[in-house]
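Taking it in order: structure first as structure tokens, then the write-up.
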Amino acid sequence: MGRLEGYRTVVTGAGAGIGKAIVERYLAEGARVVGVARKDTQLQELKAMGALPLKGDVTTYETAEQAVAAAVDAWGGLDTYVANAGLWDFYKRVERQSPEELEKAFQEIFGVNLLGTLYGARAALSALRDSKGSVIATGSNACFLAGGGGALYTSSKFALRGLVMQLAKEFAPHVRVNGVAPGATDTGISGPAALGQDTRDMNADKDRMATMEEYMMLGRVSQPEDHASLYVLLASREESSYVTGAMFKSDGGLTISV
Ligand SMILES: NC(=O)c1ccc[n+]([C@@H]2O[C@H](COP(=O)([O-])OP(=O)(O)OC[C@H]3O[C@@H](n4cnc5c(N)ncnc54)[C@H](O)[C@@H]3O)[C@@H](O)[C@H]2O)c1
């Protein structure tokens with residue numbers, strides 16, 4: 001018997017990286033998953049894995065509504081909404097962005113990392129109240145310290161941590177809201193089109209990955225699967241029944257020392 005047997009879930013950013021690892025693990029634990037992704041190839045893969053694929057852009061409320069409706073229509077409710085889709089900024093310094101780029105990149109990064117989570121939580125609230133379910137957001141080491149990205153990424157993830165705490169307060173007592181904060185992870189995360197980073201993949205830069213490894217107390221950059229157990233724990237009513245408003249670090253010790 002899986003740890004999430006019968007759980008009805010939504011995972012955004014499900015087509016690659018950490019989101020795909022969450023989907024695989026949730027399915028293995030007996031959950032049913034609506035996987036939100038943007039690319040057709042990713043949607044086909046999600047279907048082949050046994051998830052219910054949904055094409056969407058998390059910066060629109062419509063996508064959040066459709067994802068919740070897909071779970072409710074297919075399985076009669078929703079137990080867990082995982083807001084995981086994210087954009088990075090490749091450490092882009094403020095002074096190297098024109099004011100116009102700053103504005104557009106702000107909208108893209110905050111649109112995905114923060115507003116996407118807020119939309120998901122808002123759209124899922126009623127169904128989660130019915131099931132006494134939970135929201136899980138993907139944070140970052142950048143929720144806690146400077147230097148995990150540039151100003152836009154770092155401020156978006158600090159804001160996300162505040163959002164998790166505030167929503168936990170507002171949605172209590174029936175809906176728990178938590179986050180997982182991964183450290184450097186071997187994925188092809190990209191950045192905003194406004195900075196020409198939408199076709200970049202972080203892990204394509206092997207030198208960057210080698211540098212990241214040097215900061216990891218545990219001696220390696222993580223794989224997406226390293227974080228998946230925490231998403232199971234936080235989804236499970238039995239295993240984390242008294243946890244809300246928490247942002248669980250899964251960062252190999254990255255944020256415990258300067
Ligand atoms: N990779 C790391 O080192 C790292 C470290 C800390 C936190 N994170 C966080 O992990 C989460 C997942 O990132 P990842 O590293 O697995 O990268 P990834 O690029 O593999 O996954 C992110 C997914 O989000 C999707 N996405 C982006 N914008 C979207 C939009 N507007 N609508 C719908 N989907 C959209 C992408 O298509 C992609 O599939 C992000 O929130 C990221 O900030 C990653």
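We count ligands from 1, going down the list as the structure has it; atoms in each ligand are counted the same way. Values below: all heavy atoms of this structure, side chains included; hydrogens, waters and symmetry mates excluded.
- Near Gly17, the atoms of ligand 1 lying under 4.0 angstrom from a non-hydrogen atom of the residue are 16 (O), 20 (O).
- Within ligand 1, the atoms closer than 4.0 Å to a non-hydrogen atom of Gly56 are 32 (N), 33 (C), numbered from 1 in the order shown.
- Closest to atom 23 (C) of ligand 1 among all protein heavy atoms lies Gly13 CA, 3.7 Å.
- Cation-pi check for Arg208 over Phe90 is not met; the charged atom does not lie both under 6.0 angstrom from the ring centroid and within 45 degrees of its normal.
- Taking only non-hydrogen atoms, the option from Gly86, Ala16, Gly183, Gly179 nearest to atom 4 (C) of ligand 1 is Gly183.
- The closest side-chain heavy-atom distance from Val34 to Thr9 is not below 4.5 Å.
- Proximity of Met202 to ligand 1, defined as any heavy-atom pair under 4.0 Å, is confined to the side chain (atoms from C-beta onward).
- Of all protein heavy atoms, the one lying nearest to atom 3 (O) of ligand 1 is Thr185 N, 2.8 Å.
- Cluster annotation: Leu230 and Met216 are assigned to distinct hydrophobic clusters (Ile/Leu/Val/Met/Phe/Trp/Tyr, side-chain heavy-atom contacts under 4.5 Å, transitive).
- Residue contacts with ligand 1, taken as heavy atom pairs separated by less than 4.0 Å, involve Lys157 solely via side-chain atoms from C-beta onward.
- For atom 32 (N) of ligand 1, the nearest protein heavy atom (residue, atom name, distance) is Val58 N, 2.9 Å.
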Donor-acceptor contacts under 3.5 Å from residues 251-258 side chains, at least two apart:
residue : atom : partner : partner atom : Å
Asp251  : OD1  : Gly253  : N            : 3.0
Asp251  : OD1  : Leu254  : N            : 3.4
Asp251  : OD2  : Thr255  : N            : 3.4
Asp251  : OD2  : Thr255  : OG1          : 2.6
Thr255  : OG1  : Lys249  : NZ           : 3.1

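- Distance from atom 14 (P) of ligand 1 to its nearest protein heavy atom, with residue and atom name: Thr187 OG1, 3.5 Å.
- What sits closest to atom 36 (C) of ligand 1 on the protein, heavy atoms only, is Arg38 NH2, 3.8 Å.
- Residue contacts with ligand 1, taken as heavy atom pairs separated by less than 4.0 Å, involve Tyr153 solely via side-chain atoms from C-beta onward.
- Of all atoms in ligand 1, listed by their number and element, those nearer than 4.0 Å to a heavy atom of Ala184 are 3 (O).
- Crowding of Met165 atom CE: a count of heavy atoms from other residues, nucleotides or ligands under 6.0 Å not exceeding 12.
- Under 3.5 Å, the side chains of Tyr119 and Thr59 contain no donor-acceptor pair of N or O atoms.
- Only the side chain of Val112 comes within contact range of ligand 1, with a heavy atom under 4.0 Å; no backbone atom does.
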Side chains of residues 189-200: which donor-acceptor partners sit under 3.5 Å, not counting sequence neighbours?
residue : atom : partner : partner atom : Å
Gln197  : NE2  : Asp89   : O            : 3.1

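- Remark: Glu62 CD is loosely packed, at most 12 non-hydrogen atoms of other residues, nucleotides or ligands lying under 6.0 Å away.
- Heavy atoms from both the backbone and the side chain of Ile18 come within less than 4.0 Å of ligand 1.
- Nearest-heavy-atom check against atom 13 (O) of ligand 1 across Asp198, Asp251, Ile189 picks out Ile189.
- The closest side-chain donor-acceptor pair between Arg176 and Tyr242, if any, does not fall under 3.5 angstrom.
- The residue from Ser190, Gly139, Ala142, Gly149 that puts a heavy atom closest to atom 7 (C) of ligand 1 is Gly139.
- The pair Asp79-Lys132 fails the salt-bridge criterion, with no side-chain N (NZ, NE, NH1 or NH2) lying under 4.0 Å from an Asp/Glu carboxylate O.
- Looking at Asn84 against ligand 1, both its backbone and its side chain come within 4.0 Å, counting heavy atoms.
- When only non-hydrogen protein atoms are considered, atom 10 (O) of ligand 1 lies nearest to Thr138 CG2, 3.3 Å.
- Shown here, atom 38 (C) of ligand 1 is out of close reach of the protein: none of its heavy atoms lies under 4.0 Å off.
- Shown in contact with Ser140 at under 4.0 Å from a heavy atom are these atoms of ligand 1, numbered in order with element: 6 (C), 7 (C).
- Residues Arg3 and Glu238 are not paired through a salt bridge, judged by the lack of any N-O separation under 4.0 Å between the basic side chain and the carboxylate.
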